Amino acid sequence: MEYDFLDIEKKWQAYWAENKTFEVKADPSKPKYYVLDMFPYPSGAGLHVGHPLGYIASDIYSRYKRLKGFNVLHPMGYDAFGLPAEQYAIQTGMHPAETTEKNIRRYREQLDRIGFSYDWSREVRTCDPAYYKWTQWAFLQMFGHYYDKDTDKAQPVSQLEEIFAREGNAGVNAACGDVEIFTAEQWNAFDEKRRSDILMKYRIAYQGETAVNWCPALGTVLANDEVKEGLSVRGGYPVEQKKMKQWQLRVSAYADRLLRDMEELEWTDSLKDMQRNWIGKSQGAEMIFKAVNENPASGAPGPQEYEMTIFTTRADTVFGVTFMVLAPESEWVEKLTTRDRKEDVKAYLVQAKRKTERERMAETRKVTGVFTGSYAVNPFTGDKVPVWISEYVLAGYGTGAIMAVPAHDSRDYAFAKQFNLPIIPLIEGCDISRESFDAKEGILCNSGFLSGKTVQEAIPAAIDEVERLGIGKRRINYRLRDAIFSRQRYWGEPFPIYYKDGVPLPVPEEDLPLRLPEVDKFLPTEDGEPPLGRAANWTYKGYPLEKSTMPGFAGSSAYYLRYMDPHNDTALVSREADLYWKNVDLYIGGTEHATGHLIYSRFWNKFLYDLGYVTEKEPFKKLVNQGMIQGRSNFVYRIKNTNTFVSCGLKEGYDTTEIHVDVNIVYNDRLDVEAFRKWRPEFADAEFILENGEYICGYGVEKMSKSMFNVVNPDNICNSYGADTLRLYEMFLGPLEQSKPWDTKGIDGVHRFLKKFWRLFFTGDVFGVSEEKAGAAELKVLHKLIRKVDEDVENFSFNTSVSAFMIAVNELQELRCNKREILEKMVILLSPYAPHISEELWSLLGHRESVTYASFPEYVEAYTIENTVEYPVSFNGKMRFKVTLPKDLPAGEVEKAVLAHESTAKYLGGAKVRKVIVVPSKIINIVF
RNA sequence: GCUCAGGUGGUGGAAUAGGUAGACACGCAGGACUUAAAAUCCUGUGGGCAGCAAUGUCCGUACGGGUUCGAUUCCCGUCCCGAGCACCA
């Protein structure tokens, strides 16, 4: 009987759906295991062969865990809010909900063909009101809480109000914006608007004015991780800096916990590094410099004295400060500009502001700046140093002002050289004639009381002195900024916030979800308001509602919790479900979320943890990043100004243009010339210069995309080879974590393997296995395989275990093995990888239940532990082979056993042994 | 510039608490079956040299050093590719 994969796969997919084979319930009698894929954004293009890579790996792991007796939660859903659907809506007028629905249906069809073991009864969609109710709910919780640094957790704002009313805010140690100190009496006298403004600076979800990434083409602000190289990640439009009032999440309050708790996670070092980098903890000191403006441009009477605060990690270098620098956006700019410098400063600010983020980057390291006219005083030396303004100082980090030490900071050095400012070396023997000496090492000189100390000693000593003088204190700064949470877009979660006399108020929980309203167009309104400004009656109890919507990461931040209890309409996740499923044991997805989703999700989880809604500190215990599958593009070479194409091997000597050709009309780099002529009208009368009667295409590795004509659709693979072959081949392609090009031509190998495996169960056309006991050779094949596959799956080394299956089947074929004892176990072992063929064979073997829950452990245990040690054996100093001996052999016995071993005897071939040496590192050297 | 990961046949890739490099697969070449094709099966396949041949022998894991009886694996330096961050004081 032929291996009819189309029939078999259809049959078993229907069987799984009918029997709800993969639906799970919390079951305290079994250990739980939660395997999660990063849910996809359902784009209009559908899935290509690269998308399912991670899903296949997680599916194999899920099925494998089921065999081992775990209760496996393996859900799937859609990250369905987002820009592409909305952009499409703007162009076509089609409602994003409609296109999204259509795309989801297409995704589901494609996913179903690959035979995944998802529990679809738990599907979530972020754009479903029943789902986003809980996104809005979480936002309201954040709105209703502040971060208390003393208890190091989120606390209710109501508690803060009580403290303010009782004792003012002087004793409150919270993560907050700039607030003035007030007493209880003052607080009690403030009006409602004033109180609201103050509380806003404490809330974890707060509204605040900051410089944001504004993307004019998309008409919205973007978070830092949504911008790459000054362009929007979605669409690639230019982004500029703009000051705007926006909703933000106080992620920075959690910076230290996000850093600390990473230690216990089983994530790759490189991913942890990326997060560490993004959080960017740096220890240093905040220090006050007195600055005097003799003749203020504002017209105020001079001299005006100010105290300027800066942040530095190099307090040891204060003796080398020769100037100060302010960010162009700094509040000190206005205060310190003198009358005679006014025009120059103004001109500089204007041109700095006009530049987009991209332009600023294009001019990397081009030094610009302007002098304010004022001077500051070096607190250690008493010297007067000029205060400058420059773009290289960022408003958003530290205090937006720095002390410049040109001798030991390369940016300050470049600036000093440009504007001829003095440079004072502070490290003994350092050469600063060409560049600064940035390393934190060496012995200090020219540094008063710090001279003679090493840098490592001097840093704390200098800070101690600063603290003693009362001009500063130790401080830790983070690079991690609060997340901008508003988007001026339509297709996202509406904020459950309305405004009463300008005071933002929460829509009460019982009125959630606050549904996205209908609008006539998806563009901003004529007066520049977000699209929700077009909605008729976008009000709550007569008061206007917030018009921006939440960003993409809002809906994806807690979806893993919702899968645990997806139909609960009284809680995001019930206590029982949370206690049973806890958190994600294995999370598989791409690295592109390292600094976005994976930070936000961890933050979101920690916040809910503080409030007692979840019991785990971290959402994702183990994380594996699958690599990208790239496209393998094919090229043809057209001789310039002709319609003649020359085969790749002969193209030297011709002046040719390289043209992408659809990979679907190329087989093993050979062009189907007839199909090519039909492909495009302009190629209808194409001529070819062939080599050996064939047209050979060139190839290259690129991103898989429509425009490169290198997209391979998994549906086509399923049609011609079957889902089991696709699954095996995707794993066989290479290590999971590695990026690699897709090349369909290798697929025959794994397909052949499945056919061989199938044939082991048949004699001619008749299915039949032998009930005879297996021999030693057959058992050895099986045991080797069990051990290898067990090891490989646990290490996510799926590619080598596919090889192991191939070797085993080749060996069994050679042994003409058709014993049930062997083959039945092979079926179980293979079922996570190739579930359809395994189900079919399992049922042919007479089983009535699905192979999904067959018992695997009893087969494994016996063979995974081996009580042996390998001894490398060398002859006359040259390593030859290893012999395997029992573990607990006494030292003297080892030599005897080695000499008695069949491999040794064979190698020596009767030669007389003169000496056997056992070297301490377990080498056995035989001299003859 | 900083951080991380990597460089092995024609191709994808095996093998690292240091131990016979190139498993497995693709491709290619030859053969069997077939009127023919598909499918299937068998043989060969890193390079050089010697040999009719079995085989022998030398060179080979980006490059140059080092440690070691022994290095693809460990250490130092150089080159190259990839990813992330990018004036973070």
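First the proteins, then the strands, lettered A, B, ... as listed; each starts at 1. Just the heavy atoms: all of them, side chains too, but no hydrogens, waters or symmetry mates, feed the values below. Remember, it's a predicted structure, so these values are computed and weren't measured experimentally.
You'll find that the side chain of A:Thr312 is closest to B:A89, out of B:A89, B:A25, B:A23. Listed nucleotides B:G12, B:C4, B:U11 differ in distance to A:Tyr699; the shortest reach to its side chain belongs to B:U11. Which of B:A86, B:U11, B:G13 sits closest to the side chain of A:Gln738 comes down to B:G13. Here the side chain of A:Lys745 is nearest to one of B:G27, B:C87, B:C85, namely B:G27. In this structure, the nucleotide among B:A14, B:A89, B:U40 sitting nearest to the side chain of A:Asn799 is B:A14. Taking the side chain of A:Tyr392 as heavy atoms from C-beta on, and the options B:C87, B:C24, B:C85, the nearest nucleotide is B:C87. Here B:C26 is the nucleotide among B:C41, B:C26, B:C85 with the atom lying nearest to any side-chain atom of A:Arg752. Side chain of A:Asp409, nearest nucleotide from B:C24, B:A86, B:A89: B:A89. Checking B:A25, B:C41, B:G27 against the side-chain heavy atoms of A:Asp748 singles out B:G27 as nearest. Among the nucleotides B:U40, B:C4, B:G13, the one closest to the side chain of A:Lys755 is B:U40.
Nearest heavy-atom pair, A:Thr317 versus A:Met403, reported as atom, atom and distance to 0.1 Å: OG1-CE, 3.6 Å. The two residues A:Met324 and A:Ala376 make their nearest non-hydrogen contact at CG-CB, 3.9 Å.
Donor-acceptor pairing under 3.5 Å is recorded for the side chains of A:Asp225 and A:Tyr600. A donor atom on one side chain and an acceptor atom on the other are found under 3.5 Å apart for A:Ser252 and A:Asp482. Side-chain contact check for A:Thr591 and A:Asn625: no donor-acceptor pair (N or O, by modelled atom type) lies under 3.5 Å.
Put simply, NE2 on A:His751 is 12 Å from P on B:C26, counting in whole angstrom units. Between the P atom of B:G13 and the CG atom of A:Asp792 lies a distance of 17 Å, rounded to the nearest Å. Regarding A:Asn277, its CG atom lies at a distance of 9 Å from the P atom of B:C85, rounded to whole Å. Note: CG (A:Asn634) to P (B:G27) measures 15 Å, nearest angstrom. Rounded to a whole Å, the CG atom of A:Asp269 is 11 Å from the P atom of B:G6. As a whole-Å value, the separation of A:His593 NE2 from B:C85 P is 13 Å. Following rounding to the nearest Å, A:Leu754 (CG) and B:U40 (P) show an atom-to-atom distance of 12 Å. Separating the CZ atom of A:Arg759 from the P atom of B:A39 is a distance of 12 Å, rounded to the nearest angstrom.
Among the heavy atoms of the strands lying under 4.0 Å from A:Pro735 are primed sugar atoms or P, OP1, OP2 only; no base atom is included. Residue-level contact check: A:Arg481 touches the bases, meaning some heavy atom is under 4.0 Å from a base atom. At a threshold of 4.0 angstrom between heavy atoms, the contacts of A:Arg276 with the nucleic acid are absent. When heavy atoms are screened at a 4.0 angstrom cut-off, A:Ile807 is found touching the sugar-phosphate backbone but no base atom. When heavy atoms are screened at a 4.0 angstrom cut-off, A:Lys756 is found touching the sugar-phosphate backbone but no base atom. Residue contacts for A:Asn810: at a heavy-atom cut-off of 4.0 Å it reaches the sugar-phosphate backbone alone, with no base atom in range. At a threshold of 4.0 angstrom between heavy atoms, the contacts of A:Ser282 are confined to the sugar-phosphate backbone, with no base atom among them. A:Asp273 comes within 4.0 angstrom of sugar-phosphate atoms only, judged by non-hydrogen atoms across all strands, and of no base. Within the nucleic acid shown, A:Asn477 has no heavy atom closer than 4.0 Å to any nucleic acid atom.
Base pairing annotation: B:U20 forms no Watson-Crick or G-U wobble pair, as no partner gives both donor-acceptor distances under 3.5 Å. Base-pair partner of B:U55: B:A50 (Watson-Crick or G-U wobble, both distances under 3.5 Å). B:U34: no Watson-Crick or G-U partner with both key distances under 3.5 Å is found in any strand. In this structure, B:G10 forms a base pair with B:C26, meeting either the Watson-Crick or the G-U wobble geometry with both donor-acceptor distances under 3.5 Å. Base pairing analysis places B:C74 opposite B:G66; the two distances defining the Watson-Crick or G-U wobble pair are each below 3.5 Å.
With C1' as the reference atom, B:A71 and B:A21 are 12 Å apart, rounded to whole Å. The C1' atoms of B:C81 and B:G7 are separated by 8 Å, rounded to the nearest whole Å. Spacing between B:A37 and B:G48 at atom C1', rounded to whole Å, works out to 40 Å. B:G19 and B:A29: their P atoms are spaced 37 Å apart (whole Å). To the nearest whole angstrom, the two C1' atoms, one in B:A14 and one in B:C24, are 7 Å apart. Comparing B:C75 with B:G6, their P atoms sit 12 Å apart, to the nearest whole Å. Taking the C1' atom of each, B:A39 and B:A50 are spaced 42 Å apart, rounded to whole Å. Comparing the same atom, P, in B:C2 and in B:U73 gives a spacing of 25 Å after rounding to whole Å.
Neither OP1 nor OP2 of B:U3 sits under 4.0 Å from any side-chain N or O of A:Arg479.
Between A:Tyr729 and A:Tyr721, the distance from one ring center to the other does not fall under 6.0 angstrom.
Ranked by how close their nearest RNA chain B nucleotide is to the 5' end, A:Ser803 and A:Phe311 are led by A:Ser803. Comparing A:Met806 and A:Tyr397 by the nucleotide of RNA chain B that holds the closest heavy atom to each, the one mapping nearer the 5' end is A:Met806.
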Open item on the list: With ring-ring contact (aromatic ring centres under 6.0 Å, His included) as the criterion, how do A:Phe419 and A:Phe323 come out once you've worked through the C-alpha distance, each side chain's angles and the decisive distance to 0.1 Å?
Closed with: CA-CA 11 Å; A:Phe419 295 105; A:Phe323 57 101; 8.8 Å; no
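Look at B:G70: its glycosidic torsion is beyond 90° from 0, and that puts it in the anti range.
When each of A:Thr399, A:Leu326, A:Ile310, A:Val325 is tested with A:Val393 by the rule side-chain contact (heavy atoms from CB on, under 4.5 Å), just one qualifies, namely A:Val325.
A:Asp273 has a carboxylate O that lies under 4.0 Å from a charged side-chain N of A:Arg276, or vice versa, which qualifies the two as a salt bridge.
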